[in-house]
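Please read the structure below before turning to the comments.
Because the structure is a prediction, the values reported are computed rather than measured. Reckoned from all heavy atoms, side chains included, excluding hydrogens, waters and symmetry mates.
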Amino acid sequence: AGRLSIGPGAGVHCVGGFVENEGVLECIMTLQHAQQGLRNYKVQIENIKTLFVECSEGIPDLPLEERGVVLQCFTWILERAYRHMQMRTLGGRGWYLAEEGETYPRQLVGSFHGQDRTVPPRVFLYRGFAATTVQVHRGPCLKVDLSVRMIQGQTALAKLTFFRDLLISKHRDNSLPAPTKEEVDSHLQMQMVGRTCMTKHNHIHYRISRVCIDMDPNSTFPFEEGEISYAEYFQRRHGITLRSRQPLLHCPFRGKQELYLPAELAFLTGLDDDWKAEREFAQELWNGLRHDPAEHWRMQTRLTGGLATAEEGAALREWGVTVAQEPLRVRCGLLENEPVYFSRYADDFFRRAQLPPPQLAVPTSRFGFERNPWPEVWTGPGQRVNLNRWLLFCSVKSEEQQAADAFIRELEVCVGEMREADRQSDRLVVAAPELVPVPASTAEDWVEFMRGYQPRWHGLRTKFAFVIIPDKVRRRDVYYYLLKDFLSFELCVPSQMALSSTLQRREQRQQICRNILQQMLIKQGAWFWVISPLPYCGRSIMVVGIDACKKSKDGPMMETLCSSTNPYFTRYYTTWRVDDMLRLTTSPAPPGDLMKEAMLTFLQENRRLPDTVIIYRSGVSESQERFLVDHEVHHCDGGFLDTLVRVAEVAGLSKEALRQWQERFEMAYILVRRGTNARFRTEEFENLPSGTFIDKDIVTYRDDPTKFDFYMVSQTFVIGTAKPTLYSVLYNTLKLSHHEIIQLTYRLCGVY
């Protein structure tokens with residue numbers, strides 16, 4: 001190991017041979033910037049794969065493009081220190097204390113890195129840190145959150161053996177012939193595909209795409225201009241002797257489509273469904289995952305203290321970097337808790353721009369409402385909620401049907417209470433559902449049965465579907481997503497899911513049924529409480545939420561938009577777009593078409609266009625801010641500003657009406673990041689109360705006074721450490737003050 005330092009003008013040439021993972025290459029280089037001129041950088045290459053860049057002129061005055069590079073360099077420098085502290089990534093983005101794993105249940109002992117055990121523990125819990133470097137008003141800031149990695153104590157091979165033996169036993173108990181190879185293969189795919197695992201030898205995280213029972217360690221693959229077996233490869237490269245009889249796992253990774261792993265080297269992550277159902281184990285594990293603010297800061301001090309020691313901190317001092325041992329003290333504000341209104345008779349006062357009498361207001365606090373919203377129901381003027389044709393699907397098992405029957409009986413009582421509180425008896429209609437037992441044992445069979453089922457009425461007249469997911473099934477998440485996808489996109493009806501075990505809680509059944517009925521009615525257009533619209537009296541406001549996601553790395557992009565259509569922000573229009581062509585382009589199409597749909601729907605329901613639009617955009621990082629504003633706000637073909645012009649043309653406004661609307665129109669574009677690593681506490685080591693916001697000191701400094709950032713804690717955290725949300729106002733023509741925008745954001749958090 002060593003260090004090679006190269007002066008200006010020197011050249012480096014590879015003359016053959018192998019480059020090993022030892023030593024450091026360091027040199028000074030200069031880059032020309034259009035506005036800043038020549039800027040000096042120090043480049044350091046370590047372990048072949050890692051590049052460090054340090055700008056010797058500091059961070060605060062850097063242009064945005066260079067700032068991101070330098071901040072990433074801080075992250076790389078800190079990662080060097082984490083390695084000195086003997087922390088590992090364990091397949092995730094955080095850094096974990098890999099030698100200090102905890103075993104759950106606790107009565108079992110051992111280590112993931114130790115010898116194989118006859119009875120392996122269920123879960124190894126590794127604590128660590130998710131830390132990121134950001135540039136805030138005070139300078140470079142290290143945001144630290146605690147992170148936990150759960151690794152199962154059984155290998156994927158042990159799991160596969162268990163699932164195979166379970167299938168064989170099931171056939172034997174039912175007097176069936178032994179399962180065929182095809183049946184075993186299908187069963188293993190159902191149990192394992194989509195799960196994640198981590199390999200013991202390199203701590204990399206993979207997702208299982210297929211279980212290949214026709215392959216084993218003696219199978220070969222191309223290697224160094226020849227062929228090599230997996231057994232020989234792992235023996236030569238990692239010194240691991242593989243068992244000859246085991247399947248391989250197909251785990252595509254970072255563009256490597258033909259990557260296969262021996263099942264004995266892969267350890268599954270997460271929890272099995274049957275483990276989650278064991279209350280004692282789940283409770284013990286949950287207690288191990290919780291960190292109150294005092295525990296959070298004790299763990300964080302271990303990280304910052306380690307970075308200051310002579311050995312671990314050497315990697316930082318080489319670059320002139322130090323990490324403060326005490327967290328930053330910042331000023332925060334506390335927003336007002338406003339009352340809500342359960343009674344729909346408050347609407348008469350709001351329409352006259354009057355504050356309803358105090359007896360109609362329900363006070364709120366940091367802990368929520370003083371009482372629950374029951375049994376009054378809100379609907380729009382002249383609108384009815386008519387749930388007279390709906391289906392209830394459940395398993396054919398007797399205990400499942402008993403739970404369904406009990407739910408229907410309790411639901412009738414709840415509906416009666418609502419009808420009794422409603423003087424307009426025809427405004428709310430909820431009939432008994434048609435109970436449909438499903439003779440199926442897999443999620444796919446459930447979908448096939450529901451696809452072929454014909455209710456008493458025409459299928460297109462079905463208004464709602466309620467599904468009771470069986471309790472004792474594996475991969476309940478697969479049931480949820482497959483059934484939800486079928487009901488939403490094929491049957492095209494609103495739906496609600498509930499676990500059978502939830503409905504079987506006798507002591508809580510009444511409250512559970514009330515909550516479910518409320519959610520069903522909300523999906524039919526009702527609502528149960530409102531916030532006062534008086535602060536925005538005289539304006540027509542539309543609130544928009546936008547998000548985008550991909551089901552897989554190479555799959556199509558789904559972009560969704562949800563927009564309010566009434567003054568209370570309780571009725572919403574939703575639309576979405578899926579574009580396969582997005583896989584072939586560098587960026588998705590601007591969301592102008594989605595916004596056009598939303599604004600025309602607002603016009604149809606309110607007979608006027610909104611003159612104030614507030615857009616909350618989620619699902620992107622800080623590095624994409626400039627691209628988002630250029631692409632979604634200012635884009636000349638499909639940006640939001642361009643869409644406003646097109647909507648005005650379609651709306652058929654006169655020239656005078658168009659001029660007045662353009663003069664009144666205001667818009668804000670706000671980026672929402674819920675995954676921030678920043679954590680806050682009071683000086684008494686308590687969580688910040690709901691409604692706390694921070695808009696100074698530790699947020700990004702912006703030259704434009706209309707743009708600003710703020711953190712906000714929008715709910716009360718009784719367990720664990722509060723997780724704030726970071727909001728960045730990137731475009732803003734509102735006449736509202738910064739505080740009023742923050743207050744509006746907090747008010748929207750109280751609306752479902």
Minimum heavy-atom distance [X]-[Y], with the two atoms named:
X: Pro610; Y: Met542; result: CB-CB, 3.8 Å
X: Leu609; Y: Leu653; result: CD1-CD1, 3.9 Å
X: Val429; Y: Arg384; result: CG2-NH2, 3.4 Å
X: Asp709; Y: Ser728; result: OD2-OG, 2.5 Å
X: Asn732; Y: Leu734; result: OD1-N, 2.9 Å
X: Arg673; Y: Thr725; result: O-CG2, 3.6 Å

Regarding Arg351 and the six-membered ring of Phe349, is the cationic atom NZ or CZ under 6.0 Å from the ring centre and inside 45° of its axis?
->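 Negative - Arg351 is either too far from the ring of Phe349 or too far off its axis.
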Any donor-acceptor N/O pair, [X] side chain to [Y] backbone, under 3.5 Å:
X: Trp529; Y: Gly750; result: yes
X: Asp547; Y: Thr560; result: no
X: Lys596; Y: Gly638; result: no
X: Asn687; Y: Pro293; result: no
X: Asp485; Y: Tyr481; result: no
X: His739; Y: Leu335; result: no
X: Ser690; Y: Ser714; result: yes
X: Ser343; Y: Tyr345; result: yes
X: Thr733; Y: Met667; result: yes
X: Gln518; Y: Pro373; result: yes

Are [X] and [Y] ion-paired here, with the side-chain N under 4.0 Å from a carboxylate O?
X: Glu338; Y: Arg747; answer: yes
X: Glu625; Y: Arg702; answer: yes
X: Asp630; Y: Arg626; answer: no

Using the side chain to side chain donor-acceptor pair (under 3.5 Å) rule, take Arg617 and Gln624 through it: C-alpha gap first, then chi angles, then the decisive distance, then the call.
-> CA-CA 12 Å; Arg617 178 63 158 94; Gln624 297 174 287; over 6 Å; no
Answer whether the closest heavy-atom distance between the side chains of [X] and [Y] falls below 4.5 Å.
X: Ile516; Y: Leu411; result: no
X: Lys463; Y: Asn388; result: yes
X: Val377; Y: Phe528; result: yes
X: Val134; Y: Thr676; result: no
X: Pro455; Y: Arg389; result: no
X: Asn337; Y: Tyr746; result: yes
X: Phe693; Y: Thr745; result: no
X: Gln510; Y: Val413; result: no

So does [X] have more than 12 non-hydrogen atoms from other groups sitting under 6.0 Å from [atom1]?
X: Tyr616; atom1: OH; result: yes
X: Arg607; atom1: CZ; result: no
X: Arg674; atom1: CZ; result: no
X: Arg461; atom1: CZ; result: no
X: Gln359; atom1: CD; result: yes
X: Glu656; atom1: CD; result: yes
X: Trp457; atom1: CH2; result: yes
X: Asp704; atom1: CG; result: yes

Working to the nearest 0.5 Å, report the span between [atom1] of [X] and [atom2] of [Y].
X: Lys696; Y: Cys332; atom1: NZ; atom2: SG; result: 11.0 Å
X: Met497; Y: Phe393; atom1: CE; atom2: CZ; result: 10.0 Å
X: Arg427; Y: Thr379; atom1: CZ; atom2: OG1; result: 4.0 Å
X: Leu730; Y: Glu632; atom1: CG; atom2: CD; result: 10.5 Å
X: Ile541; Y: Glu666; atom1: CD1; atom2: CD; result: 8.5 Å

For side chain to side chain donor-acceptor pair (under 3.5 Å), just list the numbers for Gln519 and Asn515, CA-CA rounded to whole Å, side-chain angles, deciding distance to a tenth of an Å, and then say yes or no.
-> CA-CA 6 Å; Gln519 295 174 40; Asn515 294 341; over 6 Å; no
Is the Phe640-Tyr731 ring centre distance short of 6.0 angstrom?
->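 Not close enough - the centres of the two rings lie 6.0 Å or further apart.
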Please walk me through it: do Glu376 and Arg344 pass salt bridge (charged side-chain N to carboxylate O under 4.0 Å, His left out)?
-> CA-CA 8 Å; Glu376 296 180 272; Arg344 59 188 176 84; 5.9 Å; no
Identify, with sequence neighbours excluded, every residue that meets side chain to side chain donor-acceptor pair (under 3.5 Å) alongside Tyr573.
->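 If we apply the side chain to side chain donor-acceptor pair (under 3.5 Å) test to Tyr573, skipping adjacent residues, the hits are Glu597.
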Report the C-alpha separation of Leu628 and Leu671 in whole Å, then their side-chain angles, then the decisive distance to 0.1 Å, and conclude whether the side-chain contact (heavy atoms from CB on, under 4.5 Å) test is met.
-> CA-CA 9 Å; Leu628 281 177; Leu671 181 61; 4.0 Å; yes
Taking atom types as modelled and ignoring hydrogens, do the side chains of Glu417 and Trp374 form a donor-acceptor contact shorter than 3.5 angstrom?
->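 Yes, Trp374 and Glu417 have a side-chain donor paired with an acceptor closer than 3.5 Å.
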Would you please say whether a donor-acceptor pair under 3.5 Å links the side chains of Arg679 and Thr721?
->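 Checked: Arg679/Thr721 side chains show no N/O donor-acceptor pair below 3.5 Å.
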In terms of the angle between their ring planes, are Phe407 and Phe466 parallel, tilted or perpendicular, with boundaries placed at 30° and 60°?
->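 Phe407 vs Phe466 ring planes: parallel.
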What class does the angle between the rings of Phe627 and His631 fall in, given that below 30° is parallel, 30 to 60° is tilted and above 60° is perpendicular?
->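 Correct class here is parallel.
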Could you go through the side-chain contact (heavy atoms from CB on, under 4.5 Å) check for Lys735 and Arg539 one step at a time?
-> CA-CA 12 Å; Lys735 293 184 175 62; Arg539 301 203 63 85; 5.7 Å; no
Starting from the C-alpha separation in whole Å, work towards a yes-or-no answer on side-chain contact (heavy atoms from CB on, under 4.5 Å) for Ile670 and Ile741.
-> CA-CA 10 Å; Ile670 304 174; Ile741 294 175; 4.2 Å; yes
Val430/Met418 under side-chain contact (heavy atoms from CB on, under 4.5 Å): CA gap, chis, key distance, verdict = CA-CA 10 Å; Val430 182; Met418 284 188 170; over 6 Å; no
So which of Tyr568, Trp527, Phe350, Trp378 actually passes ring-ring contact (aromatic ring centres under 6.0 Å, His included) with Tyr341?
->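 Of all the options given, the one that passes is Phe350.
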